[in-house]
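Letters A, B, ... are given to chains in the order of the sequence lines, protein chains preceding strands, and every chain is numbered from 1. The figures here come from the full heavy-atom set of this structure, side chains too, leaving out hydrogens, waters and symmetry mates.
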2 protein chains.
Amino acid sequence: MPTKTFFNLPEEKRQNLMNAAMREFSRASLADASIANIIKDACIPRGSFYQYFEDKADLFFYILEEHSASNRELMMSMAVKHKGDLFASSAEFFESTLHRFMHHEHRDFARNIFLNMNYKIEYKLILDVKNPTTTERIRDFYRSYMSLINRTGLNIRDEKELFHLIKILRAIIIQNFIQFFAGEADYEEVLRNFALELDLLKRGLYAPSGDMSE
Amino acid sequence: MPTKTFFNLPEEKRQNLMNAAMREFSRASLADASIANIIKDACIPRGSFYQYFEDKADLFFYILEEHSASNRELMMSMAVKHKGDLFASSAEFFESTLHRFMHHEHRDFARNIFLNMNYKIEYKLILDVKNPTTTERIRDFYRSYMSLINRTGLNIRDEKELFHLIKILRAIIIQNFIQFFAGEADYEEVLRNFALELDLLKRGLYAPSGDMSE
DNA sequence: ATTATATGTGACACGGTGTCATGTGTCAAT
DNA sequence: ATTGACACATGACACCGTGTCACATATAAT
């Protein structure tokens, strides 16, 4: 986490630094980005940087968490909009996020995130003992999200199975984002792939409704 | 790929270098490992290293491909053993691989692989234009593997759906390995989780057989 | 005015990378 | 035996990025 000093900074200076950081993390992955570039861009001395952040990763995960938070909000709003339909809300979340990735100013940043997605990036926020606030925020999110999901339409037995279903869905969503950014499939193709994969899941996970006759 | 010079090396010297590399890549991820440590350990001069490998990553992916190849072999043999039953063979592949991770000398290496798994590590071998041999090897593998799978027991329509099902399975397998190495779940727990997730998939992906009631 | 506290600053030591000029060994041709 | 061609060995070095630290400056409290 950034230091208190960082948050005491005048708004403009803080924004300036954050913008420079976004530019660098859009240019390169966490591993390849350099503090040297950020401070050169933001015109702040080296020593100041270390007064605000522990290191490169500290800044990176701070930015990442901000973006993740807005993503979680979108997931929640989708679940509400689709009245708890897990598959429908996941589908719209996927499509809308992919669309944002296509046209968004943060496309390169997202690209670097997904092509270098690893355990640390995917879970650090959850497990980071140093960040109990963030940890709690994410726990709350999952609790709220799961309680929003309407289980009567799903072929699952209990909360635990719902949890695993969400885990599977998340893995599939991330995998498709990665393929998109890797250029393995274009926008339309990724959408089709995801729809097909959702369908494979649904055939069993939706409570039988008559279309199981093959 | 290592240079011709590397392969011309006397067996012992080559092994010595590879052992040092394994030790370093077991100690640290690709990003954190250092050539300096490897050459110190193997007692070879810096210049020699660069005569054998382009850089750290070149050596790393060479080692990784060797291990991947043996993993692919295991998957094939499981498919044969289980007479093309995708789920049964995946289950045994998962269990047996996890078991090897538990007790194997290469446990730390695997840990660093999975906790730092990213697109490059997962797909580089497939996409690496510089390595047409490896690329072809992997394409062949998927072709052979898919042809081994018995589709009559599966609720899928065509080869394309089988491909996506395998994609989903792979994502789930990797995710569970990651959770294991991250210490989020122990051996037994991961096995249970994976079994549960397979079951969630099967309920729909296996052709209806009567247990779809409720 | 003095002290305390917060913040700013850049030179520097350290460690790792990749290169390159030079050294060594081998072998075939003369 | 000498020469040249080739493959390989070697470690000093230039370069680059990191994190620290001693010192400078600002602001507020007493």
Pairing residues for B/F163 by the ring-ring contact (aromatic ring centres under 6.0 Å, His included) criterion, not counting sequence neighbours
none

When the distance from CD1 of B/I44 to C1' of D/dC8 is rounded to whole Å, what number comes out?
13 Å

Taking CZ from A/F53 and P from D/dT20, how many angstroms apart are they, rounded to a whole number?
16 Å

Taking NZ, NE, NH1 and NH2 as the nitrogens, is one of them in A/D140 or A/R143 under 4.0 Å from a carboxylate oxygen of the other?
yes

Taking CG from A/L30 and C1' from D/dG17, how many angstroms apart are they, rounded to a whole number?
14 Å

Which residues share a salt bridge (Lys or Arg N to Asp or Glu O under 4.0 Å) with A/D55, sequence neighbours left out
none

Ordered by number, residues from residues 4-19 of chain A within less than 4.0 Å of DNA chain C (heavy atoms) are A/T5, A/N8, A/L9, A/K13

Gap between atoms CD and P, on B/Q51 and D/dC6 respectively (whole Å):
16 Å

How would you list, by chain and number, every residue that makes a ring-ring contact (aromatic ring centres under 6.0 Å, His included) with A/F93, sequence neighbours excluded?
none

Summarise how protein sits on nucleotides 16-23 of chain C as a single string, 5' to 3': B when a protein heavy atom is under 4.0 Å from the base, S for sugar-phosphate-only contact, - for no contact.
SBBB----

Which pairs pass salt bridge (charged side-chain N to carboxylate O under 4.0 Å, His left out) with one or both residues in residues 21-33 of chain B, sequence neighbours excluded?
B/R23-B/D41, B/E24-B/R27

Involving DNA chain C, stems made of at least three consecutive Watson-Crick or G-U pairs, both distances under 3.5 Å:
C:1-30 with D:1-30

Salt bridge (charged side-chain N to carboxylate O under 4.0 Å, His left out): pairs with one or both residues in residues 89-101 of chain B, sequence neighbours excluded
B/K81-B/E92

What does A/F49 touch in the nucleic acid at a heavy-atom separation under 4.0 angstrom: a base, only the sugar-phosphate, or nothing?
nothing

Results of salt bridge (Lys or Arg N to Asp or Glu O under 4.0 Å) for B/D108 - residues two or more places apart only:
B/R111

Of all pairs that satisfy ring pair (Phe, Tyr, Trp, His ring centres under 6.0 Å), the ones with a partner from residues 11-49 of chain A, not counting sequence neighbours
A/F25-A/F60, A/F49-A/F53

Expressed as a whole number of angstroms, how long is the span from B/D32:CG to D/dT18:P?
14 Å

A/E66, CD atom: more than 12 neighbouring heavy atoms under 6.0 Å:
yes

Check side chain to side chain donor-acceptor pair (under 3.5 Å) between A/N150 and all other residues, then give those that pass, not counting sequence neighbours.
A/T152

Holding to ring-ring contact (aromatic ring centres under 6.0 Å, His included), I want the full list of residues that pass it with A/F181, two or more places apart in sequence or in another chain.
A/F101, A/F114

